[in-house]
Amino acid sequence: MAFSERKMPGICSVFLLVVLFAHSCHGFYLPGSYMHTYSTSDTIVAKVNSLTSIETELPFSYYSLPYCKPLGGIKKSAENLGELLMGDQIDNSPYRFKMNVNESLYVCTTSPLNEHEVKLLKQRTRDLYQVNMILDNLPVMRIAKQNGVSIQWTGFPVGFTPPNSNDDYIINHLKFKVLVHEYEGSGVQIIGTGEEGMGVISEADKKKASGYEIVGFEVTPCSVKYDPEVMTKLHMYDSISPVNCPLELDKSQIIRERERISFTYEVEFVKSDIRWPSRWDAYLKMEGARVHWFSILNSLMVITFLAGIVFVIFLRTVRRDLTRYEELDKEAQAQMNEELSGWKLVVGDVFREPDCAKLLCVMIGDGVQITGMAAVTIVFAAFGFMSPASRGMLLTGMIILYLFLGIAAGYAAVRLWRTLKGTSEGWRSVSWSVACFFPGIVFVILTVLNFILWGSKSTGTIPISLYFVLLSLWFCISVPLTLVGGFLGTRAEAIQYPVRTNQIPREIPARKYPSWLLVLGAGTLPFGTLFIELFFILSSIWLGRFYYVFGFLLIVLLLLIIVCAEVSVVLTYMHLCVEDWRWWWKAFFASGSVALYVFLYSINYLVFDLQSLSGPVSAILYLGYSMIMAIAIMLSTGTIGFITSFYFVHHLFSSVKID
């Protein structure tokens with residue numbers, strides 16, 4: 001006890017430092033893209049991303065609607081693997097600005113709307129689709145007033161439908177406000193590569209090279225009815241008079257057949273004191289996405305306290321049992337074995353091969369791969385290498401890590417296979433199964449969802465070319481590395497059991513209640529560490545909010561690992577105490593059962609927090625992606641619990657004197 005008391009202040013200090021780091025990291029966090037400095041009158045072109053809606057979750061191309069097209073034609077921006085999988089489609093747009101030049105400009109007038117275009121515009125308007133524009137890698141922000149409170153949103157609506165009306169009106173005039181910061185000095189050191197590198201301002205080098213950085217991008221959308229006869233005489237980028245957003249519906253542009261819609265915009269440049277590294281703060285502190293720091297910290301402390309109590313009581317119980325058992329002589333031990341029941345009586349069966357041993361090895365291998373991927377990704381994100389500005393980088397990084405961690409998956413699965421079987425025979429089959437089990441499940445689910453998206457003509461559809469890319473990555477990188485890991489597993493020394501296994505299995509005493517009930521209930525404690533962060537993660541995925549508190553997510557991950565390990569060990573010990581030696585799968589699902597609660601919580605989130613989600617297609621997409629997430633969590637947490645329980649059982653029975 002004295003040793004643990006001496007160590008406790010150090011542990012508390014480390015935990016406190018991690019919490020303080022997570023809380024203060026936004027002070028020096030420099031997210032995203034390489035810093036661009038513009039001179040006065042430099043041309044800046046806004047880009048457009050896919051149209052998105054929280055009602056349908058089906059993204060569509062911006063140019064699927066009758067919007068104005070750029071003079072040089074539509075040009076797609078280079079997209080990474082993550083952006084393609086997320087359904088992003090970034091194109092150029094006709095909206096171009098000149099640095100520090102305030103303008104009011106005409107864009108174009110459409111041809112008369114036909115029936116199909118009217119139907120499409122009305123449908124996108126009533127499904128609350130948002131137009132997502134990007135300027136210098138910053139999403140456009142709209143500030144709306146609700147009950148006297150300013151609420152910030154990214155994007156602006158395609159149109160609007162007045163209350164108690166069947167008419168729809170299109171947004172055709174945009175009032176942009178671009179916030180710029182005057183910068184003197186060109187001391188910019190680039191760390192990282194590519195478009196999404198990070199720029200760090202060097203205070204040492206001030207060369208008085210004046211320029212402007214874009215630190216904000218806001219829009220006020222309007223619907224204005226123009227006279228098409230007058231507007232068609234203008235050319236793109238001709239100047240027009242500034243427009244006041246009309247409040248009367250008869251002055252707004254209605255959506256109906258034979259209407260010709262004119263698109264215009266005006267831009268105002270405003271100097272700001274916001275520095276370039278802090279320009280994302282306005283997005284990360286948006287209303288509704290602010291993290292409840294004290295609530296999260298309170299939950300983490302309670303979970304840590306409860307888990308610590310369980311762990312301390314458990315250690316004292318095991319130590320007392322071992323001390324009593326080892327202090328007896330051989331005759332007394334034999335008499336004690338006859339009189340008492342408990343974990344000591346299953347010494348000849350505790351390492352008996354479990355049912356479906358190959359499946360267990362495969363799931364443990366995939367669990368190691370997923371856990372490693374999640375841990376490395378969150379650590380990199382916590383240190384600012386994967387920011388909201390780097391679109392798709394988080395998903396791309398996760399895929400790359402998963403591919404290369406195949407070597408760890410193959411090694412873990414084959415080494416466990418050798419331990420269970422006592423031979424390396426069949427290791428190739430185990431390695432192939434590891435390489436195909438979880439990716440195969442994901443591939444099947446994504447294929448089904450892709451057919452649904454394809455039928456809806458959504459940009460979220462995975463192109464056939466990307467399918468071939470993913471299959472090539474799977475079979476050319478992941479599978480070979482998993483086989484290499486399996487080969488290394490055959491060369492590694494098998495884990496030797498400390499006791500011999502009897503030829504005849506010991507009968508397990510009958511129980512008043514099924515043991516699986518206790519195993520399923522054990523998942524509630526790990527879920528308690530996860531559910532608050534799960535809410536914010538789901539909100540970032542399905543409600544278009546930014547998730548950026550990776551420092552706290554790292555703490556939650558560490559606590560989740562600790563709690564999963566403790567819960568699994570305690571459940572394993574409880575089963576051994578009632579002479580149930582079939583602990584292998586129960587150790588896995590004691591912590592892995594948290595996935596059941598995650599999936600149920602996802603359904604709860606769908607019913608109560610995504611009430612606006614409309615249509616069976618959207619619900620199927622949501623449940624499909626939630627199923628993938630739940631399976632990944634089950635494999636990861638189950639692996640953590642199983643490995644901890646295995647080494648606990650190994651250590652426990654190696655401490656017992658056996659004749």
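Hydrogens, waters and symmetry mates are skipped; everything else that's a heavy atom, side chains included, is used.
- Between A46 and S93, the shortest heavy-atom contact is O-OG, 2.7 Å.
- A distance of 6.5 Å separates CD1 in I399 from CG in L470, rounded to the nearest 0.5 Å.
- In this structure, L51 and N132 have side chains that are not in contact, with every pair of non-hydrogen atoms separated by 4.5 Å or more.
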**Study point:** Audit row: M236, V107, side-chain contact (heavy atoms from CB on, under 4.5 Å) steps and yes/no
**Key:** CA-CA 5 Å; M236 185 176 285; V107 184; 4.1 Å; yes

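- Here the shortest heavy-atom pairing between P94 and P70 reads N-CG, 4.0 Å.
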Practice item. Quick one: do T264 and V224 satisfy side-chain contact (heavy atoms from CB on, under 4.5 Å)? Show the steps, please. Key: CA-CA 9 Å; T264 57; V224 181; 5.9 Å; no

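- Aromatic pair F443/Y467: ring centres closer than 6.0 Å.
- Counting only heavy atoms from C-beta outward, the side chains of E182 and K271 approach each other to under 4.5 Å.
- Of the charged side-chain nitrogens involved, at least one lies within less than 4.0 Å of a carboxylate oxygen, so that E259 and K225 count as a salt-bridged pair.
- A distance of 5.5 Å separates OG of S61 from CG of D91, quoted to the nearest 0.5 Å.
- Residues V243 and E266 have side chains in contact (heavy-atom distance under 4.5 Å, counting atoms from C-beta outward).
- For CG of D227, the number of neighbouring non-hydrogen atoms (other residues, nucleotides, ligands) closer than 6.0 Å is greater than 12.
- The closest side-chain donor-acceptor pair between T125 and D168, if any, does not fall under 3.5 angstrom.
- Atom OG of residue S223 and atom CD1 of residue I255 lie 8.0 Å apart, to the nearest 0.5 angstrom.
- Checked by atom type and distance alone, the side chain of Y38 never pairs as donor or acceptor with a backbone atom of S41 at under 3.5 Å.
- Using a 4.5 Å heavy-atom cutoff, the side chains of V178 and V270 are not in contact.
- Here the side chain of S50 pairs a donor or acceptor atom with the backbone of Q89 at under 3.5 angstrom.
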Practice item. Determine, step by step, whether Y226 and N172 satisfy the side-chain contact (heavy atoms from CB on, under 4.5 Å) criterion, reporting the C-alpha distance in whole Å, the side-chain angles of both residues, the deciding distance to 0.1 Å, and the verdict. Key: CA-CA 10 Å; Y226 292 104; N172 63 333; 3.9 Å; yes

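- Side chain of N450 to backbone of I462: a donor-acceptor contact under 3.5 angstrom is found.
- Under a cut-off of 6.0 angstrom, the local environment of OH in Y63 is crowded, with over 12 non-hydrogen atoms contributed by other residues, nucleotides or ligands.
- Side-chain N or O atoms of S636 include none that pairs as donor or acceptor with a backbone N or O of I370 at under 3.5 Å.
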**Study point:** Step-by-step side-chain contact (heavy atoms from CB on, under 4.5 Å) determination, V131 to L65
**Key:** CA-CA 11 Å; V131 178; L65 296 181; over 6 Å; no

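- Between the side chain of N92 and the backbone N or O of K75, at least one donor-acceptor pair lies under 3.5 Å.
- Using a cutoff of 4.0 Å between basic side-chain nitrogens and carboxylate oxygens, R279 and D136 are scored as salt-bridged.
- No more than 12 heavy-atom neighbours from other residues, nucleotides or ligands sit within 6.0 angstrom of CD on E115.
- When each of F269, F217, F156 is paired with F176, the ring pair (Phe, Tyr, Trp, His ring centres under 6.0 Å) condition holds for F217 and for no other.
- Checking side-chain atoms of S472 against main-chain N and O of F468 turns up a donor-acceptor pair under 3.5 Å.
- Between I452 and I620, the closest side-chain pair of non-hydrogen atoms falls below 4.5 Å.
- Proximity of a side-chain donor or acceptor of D127 to a complementary backbone N or O of Y129 within less than 3.5 Å is not detected.
- Annotation for M99: atom CE counts as buried by contact number, over 12 foreign heavy atoms lying within 6.0 Å.
- Contact check for I134 versus L138: no side-chain heavy atoms found under the 4.5 Å cut-off.
- Note that CD1 of I477 and CG of L403 are 5.5 Å apart. Values are rounded to the nearest 0.5 Å.
- Between the side chain of Q123 and the backbone N or O of L120 there is no donor-acceptor pair closer than 3.5 Å.
- Of the possible polar contacts, none joining the T377 side chain to the A374 backbone as a donor-acceptor pair under 3.5 Å is found.
- Ion pairing between K177 and E268 fails under the 4.0 Å rule for side-chain N and carboxylate O.
- If you take CG on L623 and CG on L606, they are separated by 6.0 Å, rounding to the nearest 0.5 Å.
- With salt bridges taken as basic N to acidic carboxylate O contacts below 4.0 Å, none links E218 and R142.
- Y622 places a side-chain N or O within 3.5 Å of a backbone atom of S602 that can act as its donor or acceptor partner.
- Contact between R260 and T109 at its shortest, heavy atoms only, is CB-CG2, 4.1 Å.
- Defined by atom type and a distance below 3.5 Å, a donor-acceptor pair is missing between the side-chain atoms of Y67 and S64.
- Salt-bridge annotation for K98 and D42: absent, with no side-chain N of the basic residue lying under 4.0 Å from a carboxylate O of the acidic one.
- Applying the side chain to side chain donor-acceptor pair (under 3.5 Å) criterion to S478, with sequence neighbours excluded, gives no partner residue.
- Under a cut-off of 6.0 angstrom, the local environment of CZ in F475 is crowded, with over 12 non-hydrogen atoms contributed by other residues, nucleotides or ligands.
- Of all heavy-atom pairs spanning P66 and L113, the tightest one is CG-CD2, 4.1 Å.
- Between the side chains of H173 and Q253, no donor-acceptor pair of N or O atoms lies under 3.5 Å.
- Note that CD of Q369 and CG of L405 are 6.5 Å apart. Values are rounded to the nearest 0.5 Å.
- Residues V598 and F531 fail the side-chain proximity criterion, which asks for heavy atoms closer than 4.5 Å.
- At least one side-chain heavy atom of L473 sits less than 4.5 Å from a side-chain heavy atom of V469.
- Contact between Y169 and D167 at its shortest, heavy atoms only, is CE1-CB, 4.0 Å.
- Here the options are Y265, Y95, F263, F97, the test is side-chain contact (heavy atoms from CB on, under 4.5 Å), and the partner is L105; only Y265 passes.
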